[in-house]
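Here is the structure we will look at.
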2 protein chains.
Amino acid sequence: MQTLWQFMRLHPIGATLSKNDWGNDDFLGVTAKIYKPHSEIGRQDDDNHEIFIVKSGWAILYHGLPDGERQIIDTPLTGDIVGFRSVDGPRLASLASITELTVYEISSKELVEAILSEGRLGKKIVCSLARLNAILAEHLMNTGRRTAMSRTAHFLLELEERLSMVGLSAHGRYECPLTQYDLADILGMTTVHVNRTLGELRRADLVSFKAGHVQVINRKKLVEIAGFDNEYLR
Amino acid sequence: MQTLWQFMRLHPIGATLSKNDWGNDDFLGVTAKIYKPHSEIGRQDDDNHEIFIVKSGWAILYHGLPDGERQIIDTPLTGDIVGFRSVDGPRLASLASITELTVYEISSKELVEAILSEGRLGKKIVCSLARLNAILAEHLMNTGRRTAMSRTAHFLLELEERLSMVGLSAHGRYECPLTQYDLADILGMTTVHVNRTLGELRRADLVSFKAGHVQVINRKKLVEIAGFDNEYLR
DNA sequence: CGAGTTTTTGACATTTTTCAAGCGTGGTGG
DNA sequence: CCACCACGCTTGAAAAATGTCAAAAACTCG
């Protein structure tokens, strides 16, 4: 069985952590939990202070609005941390699996304890949160200042970059189990419009999103349309 | 002269820090720098690894897009930290003052060093970043899933809440030096539309934004229209 | 095969942007 | 003191982008 620290050494947020960075083995020994596709891992407004670290699979972190709308905040991928809050309080967003999902679950309190006693862990978490910040800021530009086309192109390029960082994309090709409904709630548009936009991108031979997989066709032009610069994902 | 740690004890991110949380006094003695209104404090793409902590004044953190558009990522207020990056690399956004602005400037490297040796500082920074994350996520809902009206209302309520936390708002009233152009770049719409929307809000006796100050008139209804829940600002 | 989900398409409505112009105010130089 | 300019605010009319509603086609899974 792979322990949490073994995992973290291999992935973005834990890449340089040594065993000693964690207080003791018990804490490290957190076992990964496996969830079925389309299950709720944590629900918005629940008073359950747990942090998740994605080991494998696809998930969405979303917030439901009073009027029934939904905005997807992020699609956490392998190695991403989910669920930090500045203070105790209800969860601000729900986490749901898309595919089968494996996550490490750590009590928020325990993780904070560990940060207090181990500076290197604090640094790691700070870096991880800073990166999430950068991603959110970029999504803000997407929904705020880019056209439907540019937005969609940008997100597909972001996914490719993030996935290839964890070895899940190569040659501009990757699996993506998100539906067009999901895409709509990520990009802040309607499914109908997502559909038309994807169609345009496909017909223009830029990128194809079809049957759960994505293939970048003309990267140069796609990057140009999207105004994509991967710097923020470093 | 007020030192950085004296300041931090009094404001959100540093509220519970004691003197010992910082390695030594030299580091703490960082003097605050004062900038004139409308100056650039840090420029996007610069390779200058500095973190800013706002002591007083209004600022905007924005990112310029290739086509000349601009998206304002955040309006850092008293006590907010600006400029963290996951790794060294060019700055992702520019920081500019709106009013006269006083900021503490700390080298990124120094702060990371301090985190390594002082867990409580790490915790504070982690909390601050988690809060910023929550704010960005909420802005994402704003631009992604709310109408112009709801969005604008929401942002004005957020400002009120954030300002009253640092003693700069009371009775639903506060000073706000942002222009309608700024508002447009925050909310992801055009100035023209911002103008019309503010007009509507004013005519409906919900909130007035005029000559640099904001007055909430009918909070109950405004909160309802905005779908505002201050939980995320805690 | 059949039921449910997802994608695609068409016609039309609404929101938001664009372009263009006018107004008000505060500061500045003649 | 006044003319003038820069800047921000306001308004109107038309265009473009995006959303809504509705239905059909395609796909998926048991």
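As a basis for the values below, the full set of heavy atoms in this structure was taken, side chains included, without hydrogen atoms, waters or symmetry mates. Model, not experiment: these values are computed from the prediction. Here is the naming used below: chain letters follow the sequence lines, and residue numbers restart at 1 for every chain.
Nucleotides of DNA chain D that come within less than 4.0 Å of any heavy atom of chain B span, from the 5' end to the 3' end, D/dC9 to D/dA13. The footprint of chain B on DNA chain C, defined by a heavy-atom cutoff below 4.0 Å, extends from C/dT16 to C/dC19.
One finds the OG1 atom of A/T78 at 9.5 Å from the CH2 atom of A/W58 (value rounded to the nearest 0.5 Å). Distance check: B/R196 CZ to B/M189 CE gives 10.5 Å after rounding to the nearest 0.5 Å.
Applying the ring-ring contact (aromatic ring centres under 6.0 Å, His included) definition to pairs two or more places apart or across chains, those involving residues 208-230 of chain B are B/H154-B/F228. Under the salt bridge (charged side-chain N to carboxylate O under 4.0 Å, His left out) criterion, the residue pairs touching residues 150-179 of chain B are B/D74-B/R162, B/D80-B/R162, B/E158-B/R162, B/E160-B/R219, with sequence neighbours excluded. For residues 179-188 of chain A, the side-chain hydrogen bond (donor to acceptor under 3.5 Å, both in side chains) pairs, not counting sequence neighbours, are A/R70-A/D182, A/R70-A/D185, A/T179-A/D182, A/Q180-A/N195, A/D185-B/R145.
The side chain to side chain contact (heavy atoms under 4.5 Å, CB included) check on A/I51 picks up A/I81, A/F84, A/S108, A/L111, with sequence neighbours excluded. Remark: B/S97 pairs with B/S39 by the side chain to side chain donor-acceptor pair (under 3.5 Å) rule, at least two apart or across chains. Scored by the side chain to side chain donor-acceptor pair (under 3.5 Å) test, A/H63 finds A/Q44 as partners (sequence neighbours excluded). Applying the side chain to side chain donor-acceptor pair (under 3.5 Å) test to A/R202 and every residue at least two apart in sequence or in another chain returns nothing.
Residue contacts for B/A148: at a heavy-atom cut-off of 4.0 Å it reaches the sugar-phosphate backbone alone, with no base atom in range. Residue contacts shown for A/R146 are absent, as no nucleic acid heavy atom lies under 4.0 Å away.
For the helix from C/dC1-D/dG30 to C/dG30-D/dC1, the end axes, each set by the C1' atoms of five terminal pairs, are bent relative to each other by 40° (nearest 10°).
Taking the nucleotide of DNA chain D with the nearest heavy atom to each of A/A211 and A/G188, the more 5' of the two is matched to A/G188.
Between A/E138 and A/R146 a salt bridge is recorded (basic side-chain N to carboxylate O distance below 4.0 Å). Between A/R43 and A/E40 there is a salt bridge, with a side-chain nitrogen of the basic residue lying less than 4.0 Å from a carboxylate oxygen of the acidic one.
Taken residue by residue, residues 60-72 of chain A places no heavy atom nearer than 4.0 Å to DNA chain D. Residues from residues 193-201 of chain A with heavy atoms under 4.0 angstrom of DNA chain C, sorted by number: A/N195, A/R196.
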- Task: List the steps, then state whether side-chain hydrogen bond (donor to acceptor under 3.5 Å, both in side chains) holds for A/S169 with A/S164.
- Result: CA-CA 4 Å; A/S169 168; A/S164 65; 5.1 Å; no
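Between B/Y62 and B/I73 there is no side-chain heavy-atom pair separated by less than 4.5 Å. Contact of the A/R85 side chain with the B/C127 side chain is not registered, since no non-hydrogen atoms from C-beta on lie closer than 4.5 Å. Using a 4.5 Å cut-off on side-chain heavy atoms (C-beta onward), A/L140 and B/T143 make contact.
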